[in-house]
Visitor: 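This is the structure, below, for whatever I ask next.
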2 protein chains.
Amino acid sequence: MAQRAASKRPLVTAPPAFPKPGHNHARCAADALAKAEAVCTARGTRLTDIRRQVLATVWQSHVPVGAYEILAQLNSGGGTPRSHKSRALTARGGRHAPMAVYRALEFLMGNGLVHRLASLNAYIGCAHRGEDPHAAQFLICRRCGITAELKSAALNRALNQAVTERGFTIDSQLVEIGGICPHCRPKP
Amino acid sequence: MAQRAASKRPLVTAPPAFPKPGHNHARCAADALAKAEAVCTARGTRLTDIRRQVLATVWQSHVPVGAYEILAQLNSGGGTPRSHKSRALTARGGRHAPMAVYRALEFLMGNGLVHRLASLNAYIGCAHRGEDPHAAQFLICRRCGITAELKSAALNRALNQAVTERGFTIDSQLVEIGGICPHCRPKP
DNA sequence: TGGTATAATGTTATATTATAACATATTCAA
DNA sequence: TTGAATATGTTATAATATAACATTATACCA
Ligand SMILES: [Zn+2]
Ligand SMILES: [Zn+2]
Ligand SMILES: [Zn+2]
Ligand SMILES: [Zn+2]
């Protein structure tokens with residue numbers, strides 16, 4: 001494994017670029033949805049309407065979304081109304097209750113399609129679609145809100161080592177880094 | 001800086017032990033409280049009654065405590081009742097309102113005496129008392145709940161590098177590792 | 001096909017965590 | 001002492017998340 005190629009920086013692989021402001025995001029979203037379909041088919045789980053809608057909402061951008069924001073979009077948005085008989089709507093004026101969103105998110109997280117950001121109480125589409133649920137690290141731009149998933153082997157190595165040194169056995173990790181992304185940083 | 005001394009592991013310094021079940025915790029707490037007094041004096045801030053009580057509650061053990069749990073202890077506990085005139089108590093049956101606790105926690109965090117654990121919505125006394133507010137990493141035992149603050153230079157280095165490689169500028173970090181602590185792990 | 005178990009969603013209610021906003025009290029120092 | 005700054009009291013509510021049970025859809029098998 002060629003771990004350090006040039007002189008200055010140990011390039012493990014080309015670090016994936018931080019999502020650019022102007023990129024073709026429709027494609028990000030479409031790809032993610034397509035991948036999700038495939039993953040669910042492969043796993044024998046069902047990507048139902050609500051789940052798909054929630055996933056689509058989460059993929060509207062690279063900015064994490066709160067559960068109630070997703071709910072609001074589900075309820076205001078163009079989707080087809082569901083309950084045809086009870087139009088009580090629980091006096092919330094919407095089609096769905098919070099549970100619907102939380103359940104969909106639970107499903108999506110369980111299938112490795114969405115991550116939760118504990119520092120924001122918000123959710124984001126998984127950038128490594130199609131993989132099993134996995135631990136991830138995040139870079140969160142405090143200016144534009146765009147959040148990128150980081151999967152650094154070196155970081156994982158360092159983390160494992162630091163932890164193991166103390167006799168600890170990892171089974172979950174939460175790494176969320178706040179700061180300024182390359183596109184928001186004033187150029188020199 | 002002798003960074004790698006022996007052969008196998010790059011021991012930076014002796015890794016601090018994970019808090020043992022039987023240790024003299026009264027001393028942990030007493031030390032923490034004393035240090036807090038000193039820190040506040042030095043900084044010209046005031047460690048008032050409530051703040052001290054909250055800090056003491058947080059230091060009852062090495063297990064993070066929720067804000068409302070702190071509140072409950074404040075209100076049930078042996079402390080002196082406060083408001084002598086309005087005994088309305090907002091129908092909560094207690095002496096203090098949630099705000100009191102949150103404000104104390106805010107103060108304590110601002111002075112580097114307490115950390116918040118985002119993955120638990122809970123608070124823990126800072127193990128590096130007397131230092132300025134700092135980023136920290138945590139090891140959280142999912143069995144006994146004991147949580148230890150980790151301050152690994154190597155980890156920080158790896159983290160900085162991984163992040164910098166992507167053109168990102170850190171200004172806050174959140175690292176919370178869940179797992180089994182050395183004292184809860186079945187011995188071989 | 002019909003029946004039945006499983007999975008998904010609907011529905012209502014409530015728990016948990018945290019903050020807003022304004023009133024009062026305390027402290028410190030000019 | 002008096003006034004500004006700090007701290008606390010008080011009330012209300014926001015924001016996030018889950019519990020519990022009813023109903024509906026789906027899959028699968030006899
Ligand atoms: Zn995109
Ligand atoms: Zn940005
Ligand atoms: Zn202790
Ligand atoms: Zn433990």
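Bear in mind the structure is a predicted one, so any value in this text is a computation, not a measurement. Reminder, nothing fancy here: chain letters follow the sequence lines and each chain counts from 1. Just so you know, these numbers use all the heavy atoms, side chains as well, and skip hydrogens, waters and symmetry mates.
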Visitor: Taking only residues two or more places apart in sequence, or in another chain, which ones meet B:R43 in a salt bridge (charged side-chain N to carboxylate O under 4.0 Å, His left out)?
Guide: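 For B:R43, the residues satisfying salt bridge (charged side-chain N to carboxylate O under 4.0 Å, His left out) (neighbours in sequence not counted) are B:D132.
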Visitor: Using the test salt bridge (charged side-chain N to carboxylate O under 4.0 Å, His left out), find all partners of B:R116 that sit at least two apart in sequence or belong to another chain.
Guide: none
Visitor: Return each pair, listed once, that meets salt bridge (Lys or Arg N to Asp or Glu O under 4.0 Å) where at least one residue sits in residues 52-73 of chain A; pairs must be two or more places apart or across chains.
Guide: A:E37-A:R52, A:D49-A:R52
Visitor: Check the distance between D:dT8's P and B:L108's CG and give it to me in whole angstrom.
Guide: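 Distance check: B:L108 CG to D:dT8 P gives 10 Å.
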Visitor: Taking only the side-chain heavy atoms of A:M99 (C-beta and beyond), determine which of D:dT18, C:dC22, C:dT19 contains the nearest atom.
Guide: D:dT18
Visitor: B:F18 ring centre to A:R166 NZ or CZ under 6.0 Å, with the angle to the axis within 45°?
Guide: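 No; the conditions do not both hold, so A:R166 does not lie above the ring face of B:F18.
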Visitor: Within less than 4.0 Å of OP1 or OP2 of D:dT8, is there a side-chain N or O belonging to B:H96?
Guide: no
Visitor: Looking for any heavy atom pair under 4.0 Å, which part of the strands does B:R46 touch: base, sugar-phosphate only, or nothing?
Guide: sugar-phosphate
Visitor: Rounded off to whole Å, could you give me the CZ-to-P distance for the A:R43 and C:dA7 pair?
Guide: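 Nearest whole value for this atom pair: 15 Å.
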Visitor: Just list the side-chain donor-acceptor pairs under 3.5 Å for residues 58-67 of chain B, sequence neighbours left out, or say none.
Guide:
residue: B:Q60; atom: OE1; partner: B:Q73; partner atom: NE2; Å: 3.1
residue: B:Q60; atom: NE2; partner: B:Q73; partner atom: OE1; Å: 2.6
residue: B:S61; atom: OG; partner: B:V63; partner atom: N; Å: 2.9
residue: B:H62; atom: NE2; partner: B:H23; partner atom: NE2; Å: 3.1
residue: B:H62; atom: NE2; partner: B:H25; partner atom: ND1; Å: 3.0

Visitor: Any base atoms under 4.0 Å from B:R51, or only sugar-phosphate, or nothing? Heavy atoms, all strands.
Guide: sugar-phosphate
Visitor: Whole angstrom is fine here: how far is it from CZ in B:R103 over to C1' in C:dC22?
Guide: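 Computing the B:R103:CZ to C:dC22:C1' distance gives 11 Å.
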Visitor: Can you list the other members of the hydrophobic cluster that holds A:I180, where links are side-chain heavy atoms under 4.5 angstrom apart?
Guide: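 ILVMFWY cluster around A:I180 holds nothing else.
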Visitor: With the criterion being N/O to N/O and under 3.5 Å, what pairs connect the protein with nucleotides 15-18 of chain C, and how long is each?
Guide:
residue: C:dA18; atom: OP1; partner: B:R116; partner atom: NE; Å: 3.1
residue: C:dA18; atom: OP1; partner: B:R116; partner atom: NH2; Å: 2.2
residue: C:dA18; atom: OP2; partner: B:Y102; partner atom: OH; Å: 3.1
residue: C:dA18; atom: OP2; partner: B:Y123; partner atom: OH; Å: 3.2
residue: C:dA18; atom: N7; partner: B:Y68; partner atom: OH; Å: 2.8
residue: C:dA18; atom: N6; partner: B:Y68; partner atom: OH; Å: 3.2

